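Residue numbers start at 1 and run along the sequence shown. Predicted model only: the values in this text are computed from it and were never measured. All values below come from the heavy atoms of this structure, side chains included, with hydrogens, waters and symmetry mates left out.
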Amino acid sequence: MVNLLKILSAIIAILIYFLILLVVLYAYNRHAQKAKHYVEKNSNRVTVTLVNSDVTVLNRSDKENKPKSIKLPHVVTPHPVKSSLTPTKPLERHTLPKKSKTIKQELDKKREEAQKVKEELLAKKRAKEARARAEAKRRAKEAKAKEEAKRRAKEAKAKEEAKRRAKEAKAKEEAKRRAKEAKAKEEAKRRAKEAKAREEAKRRAKEAKAREEAKRRAKEAKAKEEAKRRAKEAKAKEEAKKRAKEAKAREEAKAREERAKKKRQEQERRERANLFDGLKLPSTTPPKNQVHHRSSAMDRIANTQQHGSPSDKNRDKGVVDAYRAKVEKQLRNWSAQSEYKGHSATIKLIIYRSGDFRYTILRSSSPALTQGLKAFLNRLKRMGGLGRHHAAHPYEFNVTFKAR
């Protein structure tokens, strides 16, 4: 494309150069013809004037090309005057000079001058023609130089235009590439977003399904528990009475705790006795030969050894075991454990009297289960902990959790 433009521009420049040359030659020829006609027209013009006179004798430039009639001056011949006096001296005769020779000389002189003028005109004409030719050559050379400069400028401009177009094409290609890359990035972002949305939808659907499954299982468990409870109530009315009695004992223990805050040792002893009652002891009725509190310490020790009553250490262990069973039951009630079915973890718990606790996951078969347990235990901490207890020191034990 660029070579074609160069060829076209060169052809146009050559045509313009020849056109200018033709115009110069035409003007020069026209000027030469006008000069030739002027010289030929004025070459026959010869003017002869009499000496000491303004009268033109001959003018060859007239249309008739005929000499005008020569008007000679009128000479009056003096007549002799008769006089009586005799002149002492004869009068001189005035005669006209011979003018024919003078006129011929003047004419020759005029012809010579005309010839000189003609030669001068011819020399001027030739000099003018030479100057015109030199001027034409100079102008042609200048025109050629201008055309060459124009051609070079045009070629330089064409090169610059080609460079500019190449640069623009390159810029367009770069812009297209960047637009394509930006579009690809946007498409990748959109696909990643869609994939994330699909994953989120799957996760939510899975959570909803897990919640539904947990509700169903809870409902089934509740139904089973209800059936068991009803069967148990139908079979064992005494167990129900015993539970009522235990509930009444717990209420009495709470009332005693509120009334006797300053007597902590006595209160702890009573609370341990009440919690010990919750462990389904054979009977809460003291034997007939039980020693009253008014007896001495030796008597109470002997009485304990005699009747086989559990010691304080065993009673504390039973309370801890009951509380531990309660904690394990709370962990088993985790609704999202079905997502980690088959996995297990060992948790170390430190539980304070208020129910607040600290935990450490000692071992876990799945990182996902670890994260889920952390979230569940943190939620339990925010909801109030694992339940209050009345021990003087925090409970510390390990619990093994297995997802079902």
I would like to know whether Lys196 and Glu200 meet side-chain contact (heavy atoms from CB on, under 4.5 Å); could you show each step before the answer?
CA-CA 6 Å; Lys196 191 175 180 180; Glu200 184 68 18; 5.6 Å; no
So Ile351 and Val327, side-chain contact (heavy atoms from CB on, under 4.5 Å) or not? Walk me through it.
CA-CA 10 Å; Ile351 308 170; Val327 170; 4.0 Å; yes
Set out, in order, the CA-CA distance, both residues' side-chain angles and the distance that settles salt bridge (charged side-chain N to carboxylate O under 4.0 Å, His left out) for Lys110 and Glu106, then state yes or no.
CA-CA 6 Å; Lys110 292 291 183 180; Glu106 291 291 333; 5.5 Å; no
Decide yes or no on side-chain contact (heavy atoms from CB on, under 4.5 Å) for Val319 and Asp321, but give the supporting numbers first.
CA-CA 5 Å; Val319 172; Asp321 290 341; over 6 Å; no
Test side-chain contact (heavy atoms from CB on, under 4.5 Å) applied to His393 and Arg353, step by step
CA-CA 8 Å; His393 55 83; Arg353 293 183 63 187; over 6 Å; no
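A donor-acceptor contact shorter than 3.5 Å links the side chain of Gln337 to the backbone of Trp334. For Arg358 (side chain) and Leu349 (main-chain N/O), no donor-acceptor pair under 3.5 Å exists by modelled atom type.
Contacts of Asn378 classified as side chain to side chain donor-acceptor pair (under 3.5 Å), with partners at least two apart in sequence or in another chain: Tyr359. When the side chain to side chain donor-acceptor pair (under 3.5 Å) test is applied to Arg388, no partner is found at least two apart in sequence or on another chain. Under the rule for a salt bridge (charged side-chain N to carboxylate O under 4.0 Å, His left out), the partners of Asp108 that lie at least two apart in sequence or sit in another chain are Arg111. Listed by chain and residue number, Ile11 satisfy the side chain to side chain contact (heavy atoms under 4.5 Å, CB included) test with Leu15 (two or more places apart in sequence, or in another chain). Partners of Ala345 by side chain to side chain contact (heavy atoms under 4.5 Å, CB included), not counting sequence neighbours, listed by chain and number: Ser364, Leu369, Leu373. Here His389 pairs with Tyr323, Tyr395 under the ring-ring contact (aromatic ring centres under 6.0 Å, His included) rule; sequence neighbours left out.
Listed by first then second residue, pairs satisfying salt bridge (charged side-chain N to carboxylate O under 4.0 Å, His left out) with a partner in residues 10-20 number zero, not counting sequence neighbours. The salt bridge (charged side-chain N to carboxylate O under 4.0 Å, His left out) contacts involving residues 336-348 comprise Lys348-Glu396, where partners must be two or more places apart or lie in separate chains. Annotation: salt bridge (charged side-chain N to carboxylate O under 4.0 Å, His left out) contacts involving residues 369-382, sequence neighbours excluded, are absent. Counting only residues at least two apart or on different chains, no side chain to side chain donor-acceptor pair (under 3.5 Å) pair has a member in residues 2-22.
Between Ala210 and Ser338, the shortest heavy-atom distance links the atoms CB-OG, 4.2 Å. Ala132 approaches Tyr28 most closely through the heavy-atom pair CB-CE1, 3.6 Å. Across every non-hydrogen atom of Tyr352 and Pro394, the tightest pair is CD2-CG, 3.6 Å. The two residues Ser366 and His343 have their closest heavy-atom pair at CB-ND1, 3.6 Å.
Atom CD of Glu328 and atom CD1 of Ile347 lie 10.0 Å apart (nearest 0.5 Å). Here the NZ atom belonging to Lys329 is positioned 14.0 Å from the CG atom belonging to Leu386, to the nearest 0.5 angstrom. Remark: Gln115 CD to Leu122 CG distance equals 9.5 Å, nearest 0.5 Å.
Around atom CZ of Arg126, no more than 12 heavy atoms belonging to other residues, nucleotides or ligands sit under 6.0 Å away. Summarising the local packing, NZ of Lys150 is surrounded by 12 or fewer heavy atoms from other residues, nucleotides or ligands at distances under 6.0 Å.
Between Lys36 and Lys125, some side-chain heavy-atom pair lies under the 4.5 Å cut-off.
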Side-chain donor-acceptor distances from residues 397-404 under 3.5 Å, at least two apart:
none

Distance-only donor-acceptor pairs under 3.5 Å for side chains of residues 137-147, two or more places apart:
{"residue": "Arg138", "atom": "NE", "partner": "Glu135", "partner atom": "OE1", "Å": "3.3"}
{"residue": "Arg138", "atom": "NH1", "partner": "Glu142", "partner atom": "OE1", "Å": "3.2"}
{"residue": "Arg138", "atom": "NH1", "partner": "Glu142", "partner atom": "OE2", "Å": "2.3"}
{"residue": "Arg138", "atom": "NH2", "partner": "Glu135", "partner atom": "OE1", "Å": "3.1"}
{"residue": "Arg138", "atom": "NH2", "partner": "Glu135", "partner atom": "OE2", "Å": "2.0"}
{"residue": "Arg139", "atom": "NE", "partner": "Glu135", "partner atom": "OE2", "Å": "3.0"}

